[in-house]
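Quick one: the structure is below, questions incoming.
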Amino acid sequence: MRIVLLGAPGSGKGTQAKKLMADKNIPQVSTGDMLREAVAEGTRFGLKAKSIMEAGNLVPDEVVLGIISERLDQPDAQDGFILDGFPRTTQQALDLEELLDQMGTPLNSAVLMDVDFDILMKRLTGRRTCSLTGKLLNVYFSSQEELDECTDAGGELIQREDDNEETIGNRLDVYRENTEPLIEFYRKRDKLVTINAEGSIDEVYERLVEAL
Ligand code: AP5
Ligand code: MG
């Protein structure tokens with residue numbers, strides 16, 4: 001299975017990709033996560049990416065393409081992958097198409113996770129990541145048991161630098177302007193599948209699996 005998860009910030013791409021990865025044993029390839037790792041390592045490139053990401057803007061296409069082509073070359077990606085947060089511009093989508101054509105492994109589908117914009121803000125401002133397990137949680141939507149499970153084990157609930165209202169506003173604008181055109185891009189290629197990504201995490205997952 002080679003798929004793209006397409007959707008606005010907070011639509012649940014990371015949450016659903018992790019569930020699918022555990023279930024189907026194919027890797028989640030998240031450019032956001034890989035870029036955050038580079039930032040944490042504090043390399044010169046990481047420092048450049050840090051200010052772009054904190055402003056909610058996009059890292060240059062050629063940079064993410066380099067990261068993706070290296071990642072898709074790894075042995076664990078040979079039987080499939082879930083792309084999360086890539087492509088995000090028409091140029092990235094064209095580059096991905098070319099890369100996969102060269103590899104002889106075209107994409108199966110691009111799944112659009114459809115969520116009302118009002119819900120996104122709450123999901124993003126409430127998002128926390130458990131420092132111990134990396135589990136995605138939410139102070140508004142996760143159960144108290146789930147949140148306690150992290151803190152009782154000595155973990156911290158970390159908030160992402162770009163999850164403040166101002167940056168979220170810009171990320172949503174950037175999404176509308178640069179990434180939304182990909183809906184048409186994949187529709188024209190007959191690869192687009194849209195799922196309703198509102199409701200509980202399990203309900204959305206059920207719809208995703210059915211759509212695939
Ligand atoms: P990235 O990390 O990809 O962020 P994003 O696209 O803004 O998406 P998010 O990770 O915020 O949302 P998500 O859809 O994964 O939602 P999640 O599952 O976490 O990118 C960050 C930055 O990196 C970009 O701004 C850019 O600078 C750079 N970048 C990355 N890729 C790039 C690229 N290709 N090109 C250029 N630059 C790039 O869920 C959100 C919250 O909601 C969580 O708390 C979760 O618990 C909760 N939640 C999820 N589903 C539900 C549900 N059904 N019900 C209730 N709560 C839910
Ligand atoms: Mg994510």
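For this chain, numbers begin at 1 and follow the sequence in order. No experiment lies behind these values; they were computed from the predicted model shown. Whatever order the structure lists ligands and atoms in, that order sets their numbers, starting from 1.
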Protein heavy atom at shortest distance from atom 47 (C) of ligand 1: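 The answer is N138 ND2, 3.9 Å.
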Where is the nearest protein heavy atom to atom 9 (P) of ligand 1: which residue, which atom, and how far?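 For this ligand atom, the closest protein heavy atom is R127 NH1, 3.3 Å.
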Nearest atoms (heavy-atom pairs only) where G154 meets L132: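 In terms of heavy atoms, the two residues are closest at C-CD1, 4.0 Å.
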Considering non-hydrogen atoms of the protein only, which is the closest contact for atom 12 (O) of ligand 1, and what is the distance?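 Answer for atom 12 (O) of ligand 1: G10 N, 2.8 Å.
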Would you check whether Q16 has a nitrogen or oxygen atom less than 3.5 angstrom from a nitrogen or oxygen atom of ligand 1?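 No.
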Indicate yes or no: does an N/O atom of R160 lie under 3.5 Å from an N/O atom of ligand 1?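 So ligand 1 has an N or O lying under 3.5 Å from an N or O of R160.
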Proximity winner for atom 44 (O) of ligand 1, if only heavy atoms of L136, T125, I52, L137 are counted: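 Looking at heavy atoms only, the winner is L137.
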Considering all heavy atoms of both residues, which atom of Q74 and which atom of Q78 are nearest to each other, and what is their separation?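 For Q74 versus Q78, the nearest heavy atoms are O-NE2, 2.6 Å.
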Which ligand 1 atoms are under 4.0 Å away from a heavy-atom of S200?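 Matching atoms, with element in brackets: 53 (N).
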The one among Q91, M53, K13, M113 that brings a heavy atom closest to atom 22 (C) of ligand 1: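 Of the listed residues, M53 has the closest heavy atom.
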Quick check: does G56 get an N/O under 3.5 Å from an N/O on ligand 1?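 Such a contact does not occur with ligand 1.
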May I ask you to check whether over 12 heavy atoms, not counting those of E97, lie within 6.0 Å of atom CD?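 Enclosed.
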Can you name the one residue among L112, L83, N108, L182 that meets side chain to side chain contact (heavy atoms under 4.5 Å, CB included) with V4?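 The option that passes is L83.
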Just checking, K191 and Y186: is the charged tip under 6.0 Å from the six-membered ring centre and within 45° of the axis?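 Output no; distance or angle outside limits.
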Test: E156 and R128 ion pair at under 4.0 Å: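 Judged by the 4.0 Å cut-off on N to carboxylate O distance, E156 and R128 do not form a salt bridge.
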Just need the protein heavy atom nearest to atom 7 (O) of ligand 1, so name the residue and atom and give the distance.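 Of every protein heavy atom, R171 NH2, 2.8 Å lies nearest to atom 7 (O) of ligand 1.
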What are the two closest non-hydrogen atoms of P9 and L172, and how far apart are they?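 In this case the closest contact between P9 and L172 is CD-CD2, 3.9 Å.
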Flag side-chain contact, heavy atom, 4.5 Å: N25 against D79: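 The answer is no; the side chains never approach within 4.5 Å.
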Take every heavy atom of A55, measure it against each atom of ligand 1, and state whether any distance is under 4.0 Å.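 The answer is no: ligand 1 sits nowhere under 4.0 Å from a heavy atom of A55.
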Is it true that E161 and R36 have a side-chain N and a carboxylate O under 4.0 angstrom from each other?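 No, E161 and R36 are not salt-bridged.
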Within the 4.0 Å heavy-atom shell around R36, which atoms of ligand 1 are there?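 Atoms satisfying the 4.0 Å criterion: 2 (O), 21 (C).
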Can you confirm whether E54 is buried at CD, in the sense that more than 12 heavy atoms of other residues, nucleotides or ligands lie under 6.0 Å from that atom?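 Yes.
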Should the pair E210-R207 be classified as a salt bridge under the 4.0 Å nitrogen-to-oxygen rule?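 Salt bridge: no.
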For atom 52 (C) of ligand 1, what is the nearest protein heavy atom, given as residue, atom name and distance?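 Residue, atom and distance for the closest contact: R123 NH2, 3.4 Å.
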How about K19 and I201: do any of their side-chain heavy atoms sit closer than 4.5 Å?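 Contact flag for K19/I201 side chains = yes.
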Less than 4.0 Å is my threshold; does some heavy atom of G199 fall inside it relative to ligand 1?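 In this structure, G199 qualifies as a contact of ligand 1 - some heavy atom is under 4.0 Å.
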Suppose I only count heavy atoms of S11 and a 4.0 Å limit; which atoms of ligand 1 are within that range?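 In order of numbering, the contacting atoms are 14 (O).
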Need the ligand 1 atom indices (1-based, order shown) with element for anything under 4.0 Å from a heavy-atom of I201.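 Near I201, the atoms of ligand 1 are 50 (N), 51 (C), 52 (C), 53 (N).
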R171 to D162 - nearest heavy-atom pair and separation: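 That would be NH1-O, 2.8 Å.
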Residue pair T179 / P87: nearest heavy atoms and the distance that separates them: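 Shortest heavy-atom separation between T179 and P87 comes out as CG2-O, 4.3 Å.
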Is the charged tip of R88 near the ring of F86: under 6.0 Å from the six-membered ring centre and within 45° of its axis?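 No, R88 does not lie over the aromatic ring of F86.
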Do the side chains of R71 and D76 get close enough for a salt bridge, i.e. N-O under 4.0 angstrom?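 Yes.
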Please check if the number of heavy atoms outside D116 that lie under 6.0 Å from its CG is greater than 12.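 Atom CG in D116 is packed in, count exceeds 12.
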What atoms of ligand 1 come closer than 4.0 angstrom to any heavy atom of A8?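 Matching atoms, with element in brackets: 14 (O).
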Purely on distance, is any nitrogen or oxygen of Q92 under 3.5 Å from one on ligand 1?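 Such a contact does occur with ligand 1.
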Could you work out, for atom 29 (N) of ligand 1, the closest of L35, T179, T15, V204 by heavy-atom distance?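 Selected option, by shortest heavy-atom distance: L35.
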List the closest protein heavy-atom neighbour of atom 16 (O) of ligand 1: residue, atom name, distance to the nearest 0.1 Å.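 Checked against all protein heavy atoms, atom 16 (O) of ligand 1 sits closest to G12 N, 3.3 Å.
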Interfacing atoms of ligand 1 (cut-off 4.0 Å, heavy-atom, T31):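 The atoms of ligand 1 under 4.0 Å from a heavy atom of T31 are 30 (C), 31 (N), 32 (C), 33 (C), 34 (N).
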Provide the number and element of each atom of ligand 1 under 4.0 Å from a heavy atom of L124.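 Once the distances to L124 are compared, the set is 11 (O).
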If we set the cut-off at 4.0 Å for heavy atoms, which region of E198 has an atom near ligand 1: side chain, backbone, both, or neither?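 No part of E198 comes within reach of ligand 1.
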Could you tell me whether V59 and ligand 1 have an N or O pair separated by under 3.5 Å?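 It does: an N or O of V59 is found under 3.5 Å from an N or O of ligand 1.
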Contacting atoms of ligand 1, where contact means under 4.0 angstrom from a heavy atom of F141: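 Answer for ligand 1: 55 (C), 56 (N).
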Check: N57 N/O within less than 3.5 Å of ligand 1 N/O: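 Yes, there is a polar N/O contact under 3.5 Å.
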Looking at ligand 1, would G126 count as a contact under a 4.0 Å heavy-atom criterion?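 Outside the 4.0 Å threshold, so no.
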Would you check the N or O atoms of R88, main chain and side chain alike, for any that come under 3.5 Å of an N or O of ligand 1?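 Between R88 and ligand 1, an N or O pair is found under 3.5 Å apart.
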Considering only non-hydrogen protein atoms, determine which one is nearest to atom 15 (O) of ligand 1 and report residue, atom name and distance to 0.1 Å.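 For this ligand atom, the closest protein heavy atom is G14 N, 2.9 Å.
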